[in-house]
Amino acid sequence: MCYGQHQAFSRDSLSSSTRQQPPATENNNNNNNNAEDVVDNLRDRLADTEARLARARAREAELSQRLEEMKRFVSVMEILETYLKRRFREQQDHVDRLCKSLPA
């Protein structure tokens, strides 16, 4: 056939031309068993994946909580560091004033 002269395909024409004879009953049972095994396998894998996902989400929540706690701790340490530096400078100034006020 030349280009443009192909017969248009419809769903009915495809399905009727590709239909096969149904397999024998024994073959049918094997196919059903195989299909059930595949479905069971997929269900097991899905359950495993969902369980792993749940564990990963729980771990993520735990790590997020620990990160927030660490941020608060760092913030408190920075405040404490600032306070201690200021107090140290104040005491240094006090000692300098005392040393200057002593007679030589």
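This one's a predicted model, so the numbers in the text were calculated from it and none came from an experiment. The figures here come from the full heavy-atom set of this structure, side chains too, leaving out hydrogens, waters and symmetry mates.
- Using a 4.5 Å heavy-atom threshold, the side chains of L63 and L67 count as separate.
- A distance-only check finds no donor-acceptor pair linking the side chain of S75 to the backbone of K71 [under 3.5 Å].
- Taking 4.0 Å as the cut-off between side-chain N and carboxylate O, E60 and R57 do not count as a salt-bridged pair.
- Heavy-atom contacts from other residues, nucleotides or ligands closer than 6.0 Å to CE of M70 number 12 or fewer.
- To the nearest 0.5 Å, the span separating CG on D44 from OG1 on T49 amounts to 10.5 Å.
- In this structure, CZ on R45 lies 13.0 Å from CG on D40, to the nearest 0.5 angstrom.
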Taking distance alone, no hydrogens or angles, what donor-acceptor pairs closer than 3.5 Å link side-chain atoms of residues 83-97 to residues at least two apart or in another chain?
residue	atom	partner	partner atom	Å
R86	NH1	E90	OE2	3.1
R87	NH1	E90	OE1	3.3

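- Note that CZ of R43 is 11.5 Å distant from CG of N41, once rounded to the nearest 0.5 Å.
- Residues F73 and L80 share a single hydrophobic cluster, defined by chaining ILVMFWY side chains whose heavy atoms lie under 4.5 Å apart.
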Please step through side chain to side chain contact (heavy atoms under 4.5 Å, CB included) for the pair Q65 and E68, ending with a clear verdict.
CA-CA 5 Å; Q65 182 180 358; E68 291 305 313; 5.8 Å; no
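- Side-chain atoms of M77 and E81, non-hydrogen and from C-beta on, never get closer than 4.5 Å to each other.
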